[in-house]
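One structure is given below, encoded as structure tokens.
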Amino acid sequence: MSTAMPAWSLTENASLKALNTFHVDASAEQLLELHEPSLLPDVLALPQVAGTPLLVLGSGSNVLLADNVPGTVLVFANRTIEELEHRADHTVVRAGAGVNWHGLVMWSLQNGLSGLENLALIPGTVGASPIQNIGAYGVQVDEFIQAVDAWDRATNQWVRLDNEACAFGYRDSVFKREPDRYLITSVELRLPLLHDLRLGYAGIAEEMQAMGVELPVAADVANAVIAIRRRKLPDPDVLGNAGSFFKNPVLPLEQVEVLLQQFPDLPVYPADRDDRRKLSAGWMIEACGWKGFREGDAGVSAQHALVLVNHGSASGAELLALARRISASVLEKFGVPIEPEPRLIGAQW
């Protein structure tokens, strides 16, 4: 005899250590796990939940818990992927907010779809992907998002935001700018059957050459990306981290040209406009001597200077203090402010 999974569960004084990839030992006043998103308005109206602060966590791969979390932490546990529409050149897919992002990428490749291959092995859930407009190796997820379904807490109604309404930018979206308004329950993606492969970023072509691939397909790109990421970035299951901790700063071209006169090896990339350029935060942090730094259990990865790591029992406050020191040193040396990618919970930058 099988027992049906409950539509939701509520746990008091819940540990969040397993729900953030930094493995910071913070706790939530109460943890709400929701398997059936259609019940969201009902559970938000529960006496224990209504009127309390609310924080949505996916896999916690893009947050730093600088303190314990008051109120309710909400976790979406809907993990289904549906094919909504098949056309000659693309398929529209709906993925639940609780779906593992890398799992979706691999599912898409196994089903003959392309586009997401450069985004392989990014930690986190599908529901979190539009918030940060996740990107890697020359691709951003907004290129493929058709619509986002969410509960609008400002108007207390279900909304469907198309790509334009999501107001995507570099590591940005309307969801990030209004972090407490939209509760994302699913994401629709328009995935092509054939897609021009992006091979010109961060050694992908060289990796495939080393793999002996001469005529690459999307799965080959994903394999190359996975190999590069595993080599460059620590596995959060082994060493607590949230991936790249700092955004690559985008500056006016004139300012970049002045910097290059003093630092000619500084990596520079195209930005969103012709009169701006994106700089490598990791290169600047390494130039300031932080790569491999460790103080107590808070440190910087020896593999990549952009990654802060928790060697065991570092608190969120200790990791945040280290991040502030790193940022201050980059500002002093280069005159360039750098800001964190992860959302800070319990603190301001």
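The figures that follow rest on heavy atoms only: side chains count, while hydrogens, waters and symmetry mates do not. Numbers here simply count residues along the sequence, with the first being 1.
Within the 3.5 Å criterion, the main-chain N or O of R231 finds a donor-acceptor partner in the side chain of Q303. Put simply, the side chain of E117 gets close to the backbone of G115: a donor and an acceptor are under 3.5 Å apart. A donor-acceptor pair under 3.5 Å is absent between the side-chain atoms of D152 and the main chain of V159, judged by distance alone. Side chain of S280 to main chain of P267: no donor-acceptor pair is present (N/O by atom type, distance under 3.5 Å, no hydrogens or angles). N223 contributes a side-chain N or O that, together with a main-chain N or O of A219, makes up a donor-acceptor pair within less than 3.5 Å. Side chain of N118 to backbone of R198: a donor-acceptor contact under 3.5 angstrom is found. In this structure, S108 contributes its side chain and S114 its backbone to no donor-acceptor pair below 3.5 Å. Judged by distance alone, with hydrogens and angles left aside, the side-chain atoms of S173 form a donor-acceptor pair with the main-chain N or O of K176 at under 3.5 Å. Side chain of S129 to main chain of V126: a donor-acceptor pair is present (N/O by atom type, distance under 3.5 Å, no hydrogens or angles). With hydrogens and angles ignored, the 3.5 Å screen pairs no side-chain donor or acceptor of N111 with any backbone N or O of L113.
Using a 4.0 Å cut-off between a side-chain N of Lys or Arg and a carboxylate O of Asp or Glu, R153 and D180 do not qualify as a salt bridge. Using a cutoff of 4.0 Å between basic side-chain nitrogens and carboxylate oxygens, R171 and D272 are not scored as salt-bridged. A salt bridge is absent between D89 and R87; no separation between the charged side-chain nitrogens and carboxylate oxygens falls under 4.0 Å.
Across all non-hydrogen atoms, the minimal contact from V300 to H304 is CG1-O, 4.3 Å. Minimum heavy-atom separation, P249 to P337: CB-O, 3.9 Å. Closest heavy-atom contact between N68 and A26: OD1-CA, 3.5 Å. Residues V187 and L189 approach most closely at O-CD1, 3.9 Å, considering heavy atoms. The shortest non-hydrogen separation linking I122 to A136 is CD1-CB, 4.0 Å.
You'll find the side chain of L161 reaches within 4.5 Å of the side chain of V174, heavy atoms only. Under the 4.5 Å side-chain criterion, counting only non-hydrogen atoms from C-beta, L306 is not in contact with L233. No side-chain heavy atom of W101 sits under 4.5 Å from any side-chain heavy atom of S61. For the pair R343 and L55, the minimum side-chain heavy-atom distance is below 4.5 Å. In this structure, the side chains of F245 and P342 come closer than 4.5 Å at one or more pairs of heavy atoms. Counting only heavy atoms from C-beta outward, the side chains of S301 and P234 approach each other to under 4.5 Å. Side-chain contact between W8 and L46 is present, with at least one heavy-atom pair separated by less than 4.5 Å. At least one side-chain heavy atom of L44 sits less than 4.5 Å from a side-chain heavy atom of L40.
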>> Run the salt bridge (charged side-chain N to carboxylate O under 4.0 Å, His left out) test on D172 and R177 for me, step by step, so that the C-alpha distance in whole Å, both residues' side-chain angles and the decisive distance to 0.1 Å come before the verdict.
In response: CA-CA 7 Å; D172 196 22; R177 291 193 289 275; 2.6 Å; yes
>> Run the side chain to side chain donor-acceptor pair (under 3.5 Å) test on T91 and E83 for me, step by step, so that the C-alpha distance in whole Å, both residues' side-chain angles and the decisive distance to 0.1 Å come before the verdict.
In response: CA-CA 7 Å; T91 294; E83 296 182 2; 5.5 Å; no
> Would V221 and L199 count as a side-chain contact (heavy atoms from CB on, under 4.5 Å) if you check the C-alpha gap in whole Å, the side-chain angles of each, and the deciding distance to 0.1 Å?
Replying inline: CA-CA 8 Å; V221 178; L199 308 177; 3.6 Å; yes
> Between R325 and E295, is a salt bridge (charged side-chain N to carboxylate O under 4.0 Å, His left out) present by the stated rule, with each step listed?
Replying inline: CA-CA 12 Å; R325 289 170 61 190; E295 188 171 82; 3.1 Å; yes
>> Could you go through S15 and S27, starting from their C-alpha distance and side-chain angles, then the distance that decides it, and tell me whether this counts as side chain to side chain donor-acceptor pair (under 3.5 Å)?
In response: CA-CA 4 Å; S15 172; S27 64; over 6 Å; no
>> Assess the residue pair D220 and L197 against the criterion (side-chain contact (heavy atoms from CB on, under 4.5 Å)); give the C-alpha distance rounded to whole Å, side-chain angles, the decisive distance to 0.1 Å, and a yes or no.
In response: CA-CA 10 Å; D220 297 318; L197 301 179; over 6 Å; no
> How far apart are the C-alpha atoms of E257 and L253, what are their side-chain angles, what is the distance that settles it, and do they pass the side-chain contact (heavy atoms from CB on, under 4.5 Å) test?
Replying inline: CA-CA 6 Å; E257 290 173 341; L253 178 59; 3.7 Å; yes
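In this model, no donor atom of one side chain and acceptor atom of the other lie less than 3.5 Å apart for S244 and E341. If you check the side chains of S59 and T125, you find no donor sitting under 3.5 Å from an acceptor. A donor-acceptor contact closer than 3.5 angstrom links the side chains of N62 and Q132. In this structure, a donor-acceptor pair under 3.5 Å is present between the side chains of D142 and N133. At a cut-off of 3.5 Å, with distance as the only test, a side-chain donor of S186 or D149 sits close to an acceptor on the other residue.
Put simply, CZ on F175 and CG on L183 are 11.0 Å apart, with the number rounded to the nearest 0.5 Å. Atom-to-atom distance recorded for H23:NE2 and L16:CG is 13.0 Å, nearest 0.5 angstrom. Rounding to the nearest 0.5 Å gives a distance of 9.0 Å between CZ of R94 and OG1 of T185. Separation of atoms NE2 (H35) and CG (N78) is listed at 9.5 Å; rounding is to 0.5 Å. Here the straight-line distance linking atom CH2 of W107 with atom CG of L109 works out to 10.5 Å at 0.5 Å rounding. Interatomic distance, CH2 of W349 versus CG of L344, reported as 7.5 Å (0.5 Å rounding).
Annotation for E178: atom CD counts as buried by contact number, over 12 foreign heavy atoms lying within 6.0 Å. Counting non-hydrogen atoms of neighbouring residues, nucleotides and ligands closer than 6.0 angstrom, the CG atom of L84 exceeds 12 such neighbours. Within a 6.0 Å radius of CG in D196, no more than 12 heavy atoms belonging to other residues, nucleotides or ligands are found. Heavy atoms from other residues, nucleotides or ligands lying under 6.0 Å from CD of Q157 number more than 12.
The hydrophobic cluster containing F76 does not contain Y182, counting ILVMFWY residues as joined when their side-chain heavy atoms lie under 4.5 angstrom apart, directly or transitively. Using a 4.5 Å cut-off between side-chain heavy atoms of Ile, Leu, Val, Met, Phe, Trp and Tyr, with links allowed through other members, V225 and L104 fall into different hydrophobic clusters. Under the 4.5 Å side-chain contact rule for hydrophobic residues, I134 and V139 share a cluster. A continuous path of Ile, Leu, Val, Met, Phe, Trp and Tyr side chains, each step under 4.5 Å between heavy atoms, connects L54 with L34, placing both in one hydrophobic cluster. V309 and L64 fall into different hydrophobic clusters, where Ile, Leu, Val, Met, Phe, Trp and Tyr are joined by side-chain heavy atoms under 4.5 Å apart, directly or via other members.
Among E143, Q146, E85, H90, the single residue meeting the side-chain hydrogen bond (donor to acceptor under 3.5 Å, both in side chains) criterion with R190 is H90.
Classified by interplanar angle (parallel below 30°, tilted 30° to 60°, perpendicular above 60°), the ring pair W158/W151 is perpendicular.
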